Each structure stands twice: as structure tokens, then as C-alpha cells.
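A note on names: the letters A, B, ... follow the listed sequences, proteins ahead of strands, and every chain is numbered from 1. Atom set for the values below is all heavy atoms of this structure, side chains included, hydrogens, waters and symmetry mates excluded. The shown structure was predicted, so the numbers you read here are calculated from the model rather than taken from an experiment.
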There are 2 protein chains.
Amino acid sequence: MKKTILTFSGIIFGVLALFQLSHYQITYSHLYSEVVVAIVAVVFLLMGLFIAKKKRQTANEVPSTIDHHKIENLGISKREYEILQKISEGLSNKEIGARLFVSEHTVKTHVSNLFQKLEVKRRTQAVQKAKELNIIA
Amino acid sequence: MKKTILTFSGIIFGVLALFQLSHYQITYSHLYSEVVVAIVAVVFLLMGLFIAKKKRQTANEVPSTIDHHKIENLGISKREYEILQKISEGLSNKEIGARLFVSEHTVKTHVSNLFQKLEVKRRTQAVQKAKELNIIA
DNA sequence: CCATTTTTGGTACTTTCGTATGAGGGGTAA
DNA sequence: TTACCCCTCATACGAAAGTACCAAAAATGG
């Protein structure tokens, strides 16, 4: 919050300075009028982008930031997480095994452990829950 | 695509006109220099907001508007679509049958037909593809 | 080095999924 | 009325998925 106030104070100050500058430049010398306009344009373009970004971050919600903390919380290991991702891509156990260079048996073991940690019974449920928990995209 | 090109052409044209205007105003009359700067500022601020919005819509994703047209296009029937939704909720065929008051056999038939239309082999793939196609939330 | 966790792999079994095929009833448009 | 699609249900089979239980390398943390 403090950061936001400081940022916006800085922006307002900068904008006022810019206006003063443009006023001075345009009134007392005609040399760089296009430059002033260009600077104003760029600054306000960036401000528009910045404000839009801020608004999206605060108002809407963070669109799919993976919650690594929650993954740890659930005790999901690296390998299990990899497999979770493959499951969400719609791969079969056999295909996952082939991609990760392990046997289908191994994949099944991981999947079974994963389901216990996610408290689900099926891979479709696992995908749904994982997305709910923001642990996969 | 055509729309995007037209829009951006319009924007570029507008910007060029604005620059010409500012040049004329500032060079040949000193009356409205602040006004010109202000206009430029506002226009570019709006442009920044617009571009940010566009970027979010294209890059990130449209915030989940279901494409009913595409559902028809694929020839997916009402019942099949209902079942697709249940699948995405992680339900088994038996559970889907219970919820829709039909036998598991019927569900299987629908599921099989659905997979052909979606060109997938597994329910996890179906969910993934359906979300890609924006036909489910 | 020891304890623990992770990763790997297996057997055996049950359940669920998916396909093929057929079949009957209902609605709709040509 | 016929042709066509949708929904329903069924049998049968093969293919995945999932569970239980076990075991042994390999990595990790003290």
C-alpha cells in the first residue's frame, strides 16, 4: 500500500513536471515542440499500460499464478507434480511413462500417491481439483 | 483479422493527424499549446489502456465465453454436451448416469460419440480440448 | 554415516473406460 | 410416409486406470 502511494505520487509529480516543461518549451522556444509532444505521448501511453496492468492485478484477480506453496503443503513431490501436469494434458499412464522414461508401473504408483494427496479418485477429478487449487495452469 | 487491421489503421491515421495538428497549432499559433498537449496525453493514455486490453484478450485468453456456435459446428448434441460438462467435473460414467437418470450404458454411448466429434481418445483429453475450444468453462 | 524421502519397479486384482454393434422409440423435415 | 437424427439401453470384449502390497536403489538432510 505504501508502495502504491509512493508510486502514484512519483507519477503525478512527473506528469506535472512534464506539463511545466512542455509549457516552458512551447511558450518560450519553438525548437522542440514535436519532441515535447512525442515525450508526452510516450509517457501517457506507458501510463495507460501501467494503469491497465495495475487494474487487472488488483480488480480481476491473478490469472493463473501457480501456487508453489500449496504444492509443498500437500506434500506433492517433483515427480508427482510432473505427472500431474502430464495427466492434465490428457496423456495416458503409458504415454506419461514413455515421456518420462519410466515404466507404466512407476507412473501408476505416482498417480496413486498423488490421488491420495489430492483426495481424489479419478484423474479427471485430479485435474479439476488441481486447477481449483491453482497448482496447475 | 480484418477488423484488427482496420482498427489499427484507424489508430495510426488518427495519431498521424494528431501530430500534424499539434505541429500546426504549435508552430503557427501559440494559443492552444496546453490544449494540444492535453489532447495528446488523453489520446495516448486511452491508447495505452486499449492496447493493454487487447493484449490481455489475445495473449492470456478471453475470460471464458462459451462458444455455442462451435458446439453446433462440431455436431455435439444437448445430451452429449451435458455429459461433457459432467466429465469435466470429474464424474465417472456411473455417477453421470445417476445424475441424469439414465443407465451407464447410455452414458458410455454418448461419451463414445462425443469423443469422435472432439477427435479425442480419453476423457482427460476431451476436457482439455473442450476448454481449448471454449465450449466449456 | 544414518534416517528419511523420493523414485523406481514389480505382481495381482478390481474397477472403470472405451469401442463395436445392434435395436427400439420419438421427433422432425423433406 | 420415409429418411434422419437423437436418446435410450443392452451385450461383449479389450484396454486403461486404480489399489494394495512389496521391495530396492537413489537422493537428501542432519
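Close to C/dG18, at under 4.0 Å from its OP1 or OP2, lies no side-chain N or O of B/S112. For B/N93 and C/dC17, the shortest distance from a side-chain N or O to OP1 or OP2 is below 4.0 Å. OP1 or OP2 of D/dT8 sits under 4.0 Å from a side-chain N or O of B/R79. Contact annotation: B/R123 side-chain N/O to C/dG18 OP1/OP2 distance is under 4.0 Å.
Scanning all heavy atoms of the two residues, the minimum distance from B/A126 to B/L118 falls at CB-CD1, 4.0 Å. Between B/L114 and B/E80, the shortest heavy-atom contact is CD2-O, 3.7 Å. A/S88 and A/I136 make their closest contact through CB-CD1, 3.7 Å (heavy atoms, listed as atom of the first residue, atom of the second, distance). Residues B/D67 and B/I135 share a closest heavy-atom pair of O-CG2, 3.9 Å. The shortest heavy-atom contact between A/L100 and A/K86 is CD2-CE, 4.1 Å.
Nucleic acid contact class of A/S103 (heavy atoms, under 4.0 Å, all strands): sugar-phosphate only.
Counting only heavy atoms from C-beta outward, the side chains of A/N113 and A/I76 never approach each other to under 4.5 Å. Looking at heavy atoms from C-beta onward, A/L84 lies out of side-chain contact with A/V111 at the 4.5 angstrom threshold.
Comparing B/T124 and A/G75 by the nucleotide of DNA chain C that holds the closest heavy atom to each, the one mapping nearer the 5' end is A/G75. Mapping B/S77 and B/H105 onto DNA chain D via the closest heavy atom, the residue that lands nearer the 5' end is B/S77.
Of all nucleotides listed (C/dA20, D/dT19, C/dT7), C/dT7 comes nearest to the side chain of A/H110. Considering only side-chain atoms of B/V111, the nucleotide from C/dT16, C/dG18, C/dT19 that sits closest is C/dG18. When each of C/dT19, C/dT8, C/dT16 is scored by its nearest atom to the side-chain atoms of B/S92, the top-ranked nucleotide is C/dT16. Side-chain proximity of A/V102 to C/dT8, D/dC9, C/dG18: nearest is C/dT8.
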Using salt bridge (Lys or Arg N to Asp or Glu O under 4.0 Å), reason through B/R79 and B/E82 one step at a time and then give a plain yes or no. CA-CA 5 Å; B/R79 208 55 161 168; B/E82 279 184 286; 3.0 Å; yes
Start with the C-alpha gap between B/R122 and A/E95, add the side-chain angles, then the distance that decides, and say whether side-chain contact (heavy atoms from CB on, under 4.5 Å) holds. CA-CA 12 Å; B/R122 277 177 289 282; A/E95 288 169 335; 2.7 Å; yes
For A/N134 and A/K70: C-alpha separation, side-chain torsions, deciding distance, then whether side-chain contact (heavy atoms from CB on, under 4.5 Å) applies. CA-CA 8 Å; A/N134 273 318; A/K70 200 169 286 173; 5.5 Å; no
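A donor-acceptor pair is defined here as one N or O able to donate and one able to accept, closer than 3.5 Å; such a pair exists between the side chain of B/Q125 and the backbone of B/K121. Side-chain atoms of A/R123 come within 3.5 Å of backbone atoms of A/L91 as a donor-acceptor pair (strictly under, hydrogens ignored).
At whole-Å resolution of the value, CD1 in B/I87 and P in C/dC17 are 9 Å apart. Distance, B/Q116 CD to C/dT21 P: 11 Å, rounded to whole Å. Computed from coordinates, the A/I76 CD1 to C/dT5 C1' distance equals 15 Å when rounded to whole Å. One can place CG of B/L84 at 12 Å from P of C/dG18, the figure rounded to the nearest angstrom. The CG-C1' distance, from B/L91 to D/dA17, rounds to 17 Å in whole Å. Taking atom NZ of residue B/K108 and atom P of nucleotide D/dA12, one finds them 13 Å apart after rounding to whole Å. Here the P atom of nucleotide D/dT8 and the CG atom of B/N113 are 12 Å apart, to the nearest Å. Computed from coordinates, the A/I96 CD1 to C/dT8 C1' distance equals 16 Å when rounded to whole Å.
Summary for the helix from C/dC1-D/dG30 to C/dA30-D/dT1: the axes at its two ends, each from 5 pairs, differ by 60° when rounded to the nearest 10 degrees.
At a cut-off of 3.5 Å, with distance as the only test, a side-chain donor of A/S103 or A/T106 sits close to an acceptor on the other residue.
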So if I define the base as every atom that isn't primed, P, OP1 or OP2, how would nucleotides 22-30 of chain C read as a B/S/- string at a heavy-atom cutoff under 4.0 Å? ---------
For nucleotides 25-30 of chain D, list the nitrogen or oxygen atoms of the protein found under 3.5 Å from its nitrogen or oxygen atoms, one pair per line.
none

